[in-house]
Undergrad: 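Here it is, the structure in full.
Every chain is numbered from 1, with letters handed out A, B, ... down the list of sequences.
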Number of protein chains: 2
Amino acid sequence: MDALDERRKKILCAIIQSHIDFNIPIGSFFITQKFSLGLSSASIRNTMVKLEEQGYIMHPHTSAGRVPTEKGYRFYINALLEEKILSGGTEVSQELSARLIFTGKDNIRVVEEAAKTLSLYSHYLAIAIPPKTESILLKRIKFIKYEERKALAVLISEDGAVNNKIIELDKIYSQKQLDKAANYLNARFKGLTLTEVRGKITDQLYEDKTTCDQLIADLAALCREIIFSETDDLALNVLSGASNLTDFATMRQIKEILTAIEDKQFMLKLLNQLSNSLGTQVFVGVENVIPALKELSMVISTYNNRKYAGGAIGIIGPTRMNYKKLIPVVDYTAKALTKVLSG
Amino acid sequence: MDALDERRKKILCAIIQSHIDFNIPIGSFFITQKFSLGLSSASIRNTMVKLEEQGYIMHPHTSAGRVPTEKGYRFYINALLEEKILSGGTEVSQELSARLIFTGKDNIRVVEEAAKTLSLYSHYLAIAIPPKTESILLKRIKFIKYEERKALAVLISEDGAVNNKIIELDKIYSQKQLDKAANYLNARFKGLTLTEVRGKITDQLYEDKTTCDQLIADLAALCREIIFSETDDLALNVLSGASNLTDFATMRQIKEILTAIEDKQFMLKLLNQLSNSLGTQVFVGVENVIPALKELSMVISTYNNRKYAGGAIGIIGPTRMNYKKLIPVVDYTAKALTKVLSG
DNA sequence: AATTAGCACTCAAAAGTGAAGAGTGCTATT
DNA sequence: AATAGCACTCTTCACTTTTGAGTGCTAATT
């Protein structure tokens, strides 16, 4: 019973497109005026009754026009996605591709820039979730002497991200000694994910306590701490265009969104959920993601760097957003990000 | 004519306190019920007329109670500040001081933690502005070889903050060569502020082009870029409790606040303005800071690290916030921050 | 002279009323 | 099968009425 004949499809799309453009319930007469379907308003009404029976549109009240349901939007978006895959989304505007040329920036800055572009372009809220610790590969550990008993520990990851922290030492060590310790640790841990490093350091420590010098054991423990604090702490989700929220969200929704984004647990869960399927995804009525966000939608895509550490970037806006334009934009942006971070 | 006799003071404070607690216009009868002033509502009305003439309170309309004006709030807050200076704000809750023990955290994390504490404690929006580039002192420059033609440049500042960036090099250099270059630059720039370094590098470059090797000149130019990008980029203002906004701000105000905070220029200006006077400051009706934020207030305090690089931390809430509780809280937090960052 | 009780008055907010208009569903017609 | 015609429904908007809180003034009281 969910099949739609050509006429129903056309009328459904006309309703949704009109609703996106004008944000009002759409009546049968309205459709006859805006589209040349060669049908009278009465015929359109008949079709509308059927579309309503099938659950694609609904009626706020007797004398109102029709509004698309979530099911209606999903149909519309699926139709779009199929189309877009064919056309390859190549006609993304020059403006966008010009903005997405990142030169000489940190990785985190690149992601910030991409999010900012998305928010400017969509006038909605852009969010970016950085890669999970579990998938970050360690490239190099380095200790820099800083004061008598203080050193800066630097953990560089394969994708160029850097964690650093000032650590305190029991004794006074020379830079040479610190280098030696770093070399030792590099030899053992290079190429592992941070999570693996964290686990391995614990095992290693027992082994080393007897064989190696105290310094290495101390430094290893400190590195472990750094990785831990990184994992625990809010993974610094990137937000851009928060001030746009007031243009499309209610007070209640703004609160829900801001609360969710401040909640690192939630963001991690979301990222996990996203990683299950690739490419650009659309959540219509994000209540499966954030409860109580019925009239909002999310267009989001995962991005990767060379070594498959994946984050996500996308936008949150009203369900009646311009998917036709914005799905390719998010898609293109995520791909541009992947390209830069891998190169 | 601005002098207030004892009765007027008492009634003004009663009005303000009631308005803070109940958020409604306060009538004369209301005051007689909530406070034992030994006066009838008629007498209170008479005093109210005088307070209104003096501009401390106002009348939304004929049949409404009185609401404090900005002038009224300022009087009230000044009275509080005098009181609090005497009592020294020592009775800040144990809960707060327990939360403000920061152990083993990065400086930026410490500031984040403090902001979070403020937002949790006040249920308003907490903001923190990190120290200005102009006042950050350079402690050490270090280059770490990263790939064939890539190195990580690390700029450590006197207060322990670290900027880093991956830089690309024309030729292949050994770690030793990089160390040599770093030593040279350290000798020249250590102890200067980043702004000074930025300026000096330009002069130095001409000088060095002839005398020194190419590597040093290149690296110096790159350092300059790092400092520039740091200055230009949003100084990563710390926000906490954004979701509280919906509880006290209107849509319009939320938009204004979020826009202001996303605007780095604005935040710098604000920080400059704050630095002019020390200690905890209260802006009643922050329209001198953010236009169109009439009914909001800001309690904010500057903090410092050892070498006088100053940032600011505070809260934004409704003008009718509980100053009695929150002024000491902000004050205490900023002082705790100063203590940690200086130690 | 200061305070207070009494009371008419004002005005915002809430509740009620009626007309207008948009859009429907049904039916008879083409 | 498609459509014109029409009665019907229900929101929206402008308008009026009612209510009640709180005032300002005046006359009485201490």
Undergrad: To the nearest angstrom, how far is B/Ile44 atom CD1 from C/dA2 atom P?
TA: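 Result: 18 Å.
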Undergrad: Quick one: pull up NZ in B/Lys325 and CG in B/Leu80 and give me the separation to the nearest 0.5 Å.
TA: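 Between atom NZ of B/Lys325 and atom CG of B/Leu80 there are 14.5 Å.
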Undergrad: Rounded off to whole Å, could you give me the CG-to-P distance for the B/Leu37 and C/dT4 pair?
TA: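 Nearest whole value for this atom pair: 11 Å.
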Undergrad: With a 4.0 Å limit, can you tell me whether B/Arg66 has a side-chain N or O closer than that to the phosphate oxygens OP1/OP2 of D/dT23?
TA: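 So the side chain of B/Arg66 is within the cut-off, an N or O lying under 4.0 Å from OP1 or OP2 of D/dT23.
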Undergrad: Figure out the CD1/C1' separation between A/Ile24 and D/dT11, and round it to whole Å.
TA: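 Those two atoms, CD1 and C1', are 14 Å apart.
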Undergrad: When rounded to the nearest 0.5 angstrom, what distance separates OG1 in B/Thr47 from CD1 in B/Ile31?
TA: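 Between atom OG1 of B/Thr47 and atom CD1 of B/Ile31 there are 10.5 Å.
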Undergrad: What is the distance from atom NZ of A/Lys255 to atom OG of B/Ser243, rounded to the nearest 0.5 Å?
TA: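 It is 5.0 Å, given to the nearest 0.5 Å.
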Undergrad: Identify which nucleotide among C/dA5, D/dA4, C/dG25 has an atom closest to any side-chain atom of A/Glu52, counting heavy atoms from C-beta outward.
TA: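 Nearest listed nucleotide: C/dG25.
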Undergrad: What is the distance from atom OG of B/Ser119 to atom OH of B/Tyr124, rounded to the nearest 0.5 Å?
TA: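 Rounded to the nearest 0.5 Å, the OG-OH separation comes to 12.5 Å.
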Undergrad: Specify the separation, in whole Å, of atom CD of A/Glu6 and atom P of D/dA1.
TA: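 For the pair A/Glu6 CD and D/dA1 P, the rounded distance is 19 Å.
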Undergrad: How many whole angstroms separate atom CZ of A/Phe22 from atom P of C/dG23?
TA: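 From A/Phe22 CZ to C/dG23 P: 13 Å.
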Undergrad: Do any side-chain nitrogens or oxygens of A/Arg7 fall under 4.0 Å of OP1 or OP2 in D/dA2?
TA: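 The answer is yes; a side-chain N or O of A/Arg7 sits under 4.0 Å from OP1 or OP2.
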Undergrad: Check every atom of C/dT10, C/dC26, C/dT4 against the side chain of B/Ser63 and return the nucleotide holding the closest atom.
TA: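 The listed nucleotide nearest to B/Ser63's side chain is C/dT10.
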Undergrad: I need the CZ-C1' distance between A/Arg45 and D/dC6, as an integer number of Å.
TA: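 Between C1' of D/dC6 and CZ of A/Arg45: 11 Å.
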Undergrad: Please tell me which of the listed nucleotides, C/dT24, C/dC11, D/dC10, lies nearest to the side chain of A/Met48?
TA: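 Output: C/dT24.
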Undergrad: Report the distance from atom CD1 of A/Ile11 to atom C1' of C/dT24, rounded to the nearest whole Å.
TA: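 So the CD1-C1' distance, A/Ile11 to C/dT24, works out to 15 Å.
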Undergrad: Looking at C/dG25, D/dC10, D/dG24, which one has an atom nearest to any side-chain atom of B/Val49?
TA: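 In terms of side-chain proximity for B/Val49, the closest of C/dG25, D/dC10, D/dG24 is D/dG24.
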Undergrad: Please report, rounded to the nearest Å, how far the C1' atom of D/dA21 is from the CD1 atom of B/Ile31.
TA: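 Interatomic distance, CD1 of B/Ile31 to C1' of D/dA21: 15 Å.
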Undergrad: State which of C/dC11, D/dT9, C/dT24 makes the closest approach to the side chain of B/His61.
TA: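 When the side chain of B/His61 is considered, C/dC11 is the closest of C/dC11, D/dT9, C/dT24.
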Undergrad: In Å, rounded to the nearest 0.5 Å, how long is the span from CD1 of B/Ile315 to CG of B/Leu125?
TA: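 Rounded to the nearest 0.5 Å, the CD1-CG separation comes out at 9.5 Å.
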Undergrad: Looking at the side chain of A/Leu39, which of C/dT24, D/dT3, C/dT4 is the nearest nucleotide?
TA: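 Nearest listed nucleotide: D/dT3.
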Undergrad: Check every atom of D/dT3, C/dT24, C/dT10 against the side chain of A/Ser43 and return the nucleotide holding the closest atom.
TA: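 Ranking D/dT3, C/dT24, C/dT10 by closest atom to the A/Ser43 side chain puts D/dT3 first.
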Undergrad: Judged by each residue's nearest nucleotide on DNA chain C, which is more toward the 5′ side, A/Ser41 or B/Asn46?
TA: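 It is B/Asn46, whose closest nucleotide lies nearer the 5' terminus.
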Undergrad: I want to check one thing: is the phosphate of D/dT23, taken as OP1 and OP2, less than 4.0 Å away from some side-chain N or O of B/Ser28?
TA: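 So the side-chain polar atoms of B/Ser28 do come within 4.0 Å of the phosphate oxygens OP1 or OP2 of D/dT23, strictly under.
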